[in-house]
Number of protein chains: 2
Amino acid sequence: MEHETSAAGSVGRVFSLLRLIGSAGSGGIRLTDLAERAALPRPTTHRILRALGAEAIVAFDARSKRYTLGLDLFLLAARAGNVVGLRDLARPTLLRLTASLGETLFLLVHNGYDAVCIERSAGPLPIRSFTGDIGGRVPLGIGQGSVAILAFLPPAEQDEAIRHNLPRMRDYGGPDEASLRAELLQVRRDGFCGGASGLIPGMAGVGVPILDAEGRAVAALSIGTTTDRLTPDRKAIIAGMLRQEATAISRQVNPFDPTLRRAAAAM
Amino acid sequence: MEHETSAAGSVGRVFSLLRLIGSAGSGGIRLTDLAERAALPRPTTHRILRALGAEAIVAFDARSKRYTLGLDLFLLAARAGNVVGLRDLARPTLLRLTASLGETLFLLVHNGYDAVCIERSAGPLPIRSFTGDIGGRVPLGIGQGSVAILAFLPPAEQDEAIRHNLPRMRDYGGPDEASLRAELLQVRRDGFCGGASGLIPGMAGVGVPILDAEGRAVAALSIGTTTDRLTPDRKAIIAGMLRQEATAISRQVNPFDPTLRRAAAAM
DNA sequence: CATGAAATTCCGTTGAATGGAATTTTCGAT
DNA sequence: ATCGAAAATTCCATTCAACGGAATTTCATG
């Protein structure tokens, strides 16, 4: 069972097509190739694509007969990235910090056993990071932002993620369980992760969690920079700034706390 | 809003639900409300949502029983061919210009009779604009970026858009046909739109088109600022910078020009 | 604890999606 | 220009997956 045909049914079919189109690159993909990769009959593929085209979810270039993702999917997706409004909330923060620090900032959200980058504000320096650009995904425990999330997960969930991720971490040259757990404790104490993990030579960073009303991490703010730019005192300053911003964001996220819903509904 | 039930069939049903969820805000929406707005039976709605949930295209908060757009929908578009790669191409440009000018920049794409904002890089000043944030939509002809696109459309398409949009423009306090056409000519001559359209008091801006290989506008780069910050000489400087950036982006877009594909394939 | 509203499951029915086959279009080779 | 192969597109009889009315469970509210 590789990626399996997902949930069967027409919905599954539609999104397996969309994912294939999405991974086909900006040049687009032809019907036949698409049908083959999706293991669907050509007429079926064609009919679904027509329907998707009518919705502007896919675009069809009549000249090259190639399909690409359409504008409406893009617009829909822009809203989808707004996990609990986090993206909109955090964007000004990222821009401001990038401007004042001259560093690259990331907004990561917790998703399953991974952290996913949903926003990024690039500083002037070229930065290598695990998460890469928007859409990038790393196992929880790899990278400062990702570790910050892991450290502030409820114990059961944290254990589960560690158990699941330890094997995967080998691919990244990650730590063994003992040192990981030690780091998590320290991060919980400090409120941020600034480990010079050294996983990418010359690169360093700081990550702080964004917590929900129950104190569980839902996301993280992090910066990525080079080791020499992250002197201990500068690291302390940056950690403080990040924590402050993360706290401010947390406060704005938490109004969605279900216990307050009644008040909002009354308006 | 609902212009019609879109394309019928299950695909139409799926995306009308997704659009409704998307427009429900980050708080999410409940099954019953969704079913009612979509004019679908609750069980049908429920089944489709389950399938979408299995794909992580929608997220379901078990606590509040509310549905929101899921992360995978975001990742689908983020990882891949967003509008011919324009967004990725333009993002660094927007950030750079925002940093150096201290202004808010917009990337608009041509879509039907409208221009749609697909990226925006906010400067320090609070800016009022028609397009608003990402996803915002204005009729072609309203706002500098939008006018820049309209001016560089093929004549037939331009006429069609003007005919269609003139009535709509009344809502924005837009110009009459004669002055609009006069402005379009000027924009075509100058290569940019810097009209102090005065549609939003105190606000001004500059828009330049991003052209495809055939010289048709596919998008526009624009800045939005206040009238007093846009002195004539600064406007000229900014227009020059924008044109240069837009040209650079055009060059990177155009390698995908179908007429050149054969050459690329031969490599 | 009672009550109503919402969510969820069930399942017999049916019509919409399916896909094999036929047709048309595209495009490269001669 | 002509041909032929490959791709795209249309057709349509079949069927099975989606449908939705009804029943059941869950949940919030008074």
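Order of the sequence lines fixes the chain letters, A, B, ..., with proteins taken first and strands second; residue numbering starts at 1 for each chain.
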Check salt bridge (Lys or Arg N to Asp or Glu O under 4.0 Å) between A/R120 and all other residues, then give those that pass, not counting sequence neighbours. A/D133

Between atom CG in A/L49 and atom C1' in D/dA8, what is the gap in whole Å? 12 Å

Taking only residues two or more places apart in sequence or in another chain, which ones pass side chain to side chain contact (heavy atoms under 4.5 Å, CB included) with B/S146? B/A115, B/V138, B/L140

Keeping to residues at least two apart or across chains, list the salt bridge (Lys or Arg N to Asp or Glu O under 4.0 Å) pairs with something in residues 145-154 of chain A. none

All N/O donor-acceptor pairs, side-chain side in residues 38-52 of chain A, below 3.5 Å, sequence neighbours left out:
residue : atom : partner : partner atom : Å
A/T45   : OG1  : A/P41   : O            : 2.9

Side chain to side chain donor-acceptor pair (under 3.5 Å) filter on B/H110, not counting sequence neighbours, yields none

Does A/R243, at its CZ atom, have more than 12 non-hydrogen atoms belonging to other residues, nucleotides or ligands within less than 6.0 Å? no

Who are the side chain to side chain contact (heavy atoms under 4.5 Å, CB included) partners of B/R137, not counting sequence neighbours? A/D72, A/L75, B/N111, B/D114, B/V116

Check nucleotides 4-7 of chain C against the protein and report each pair of N or O atoms closer than 3.5 Å, with its distance, or say if there are none.
residue : atom : partner : partner atom : Å
C/dA7   : OP1  : B/L31   : N            : 3.2
C/dA7   : OP2  : B/T32   : N            : 2.8
C/dA7   : OP2  : B/T32   : OG1          : 2.0

Round to the nearest Å and state the distance from A/L34 atom CG to D/dA7 atom P. 14 Å

Identify, with sequence neighbours excluded, every residue that meets side chain to side chain contact (heavy atoms under 4.5 Å, CB included) alongside A/D33. A/I29, A/R30

Send over the distance from A/E36 CD to D/dA6 C1', rounded to a whole Å. 13 Å

End axis versus end axis in the helix from C/dC1-D/dG30 to C/dT30-D/dA1, the angle rounded to 10°, five pairs used at each terminus: 60°

Whole-Å distance, A/R66 CZ to D/dA7 P, equals 12 Å

Identify each atom pair where a protein N or O and an N or O of nucleotides 19-23 of chain D are less than 3.5 Å apart, giving names and distance.
residue : atom : partner : partner atom : Å
D/dC19  : OP1  : B/R13   : NH1          : 2.4
D/dC19  : OP2  : B/R47   : NH1          : 2.6
D/dC19  : OP2  : B/R47   : NH2          : 3.4
D/dG20  : OP2  : B/T44   : OG1          : 2.7

Partner set under side chain to side chain contact (heavy atoms under 4.5 Å, CB included) for B/A217, not counting sequence neighbours: B/I149, B/F152, B/L153, B/P209, B/L211

With sequence neighbours left out, what residues match B/E160 under salt bridge (Lys or Arg N to Asp or Glu O under 4.0 Å)? B/R163

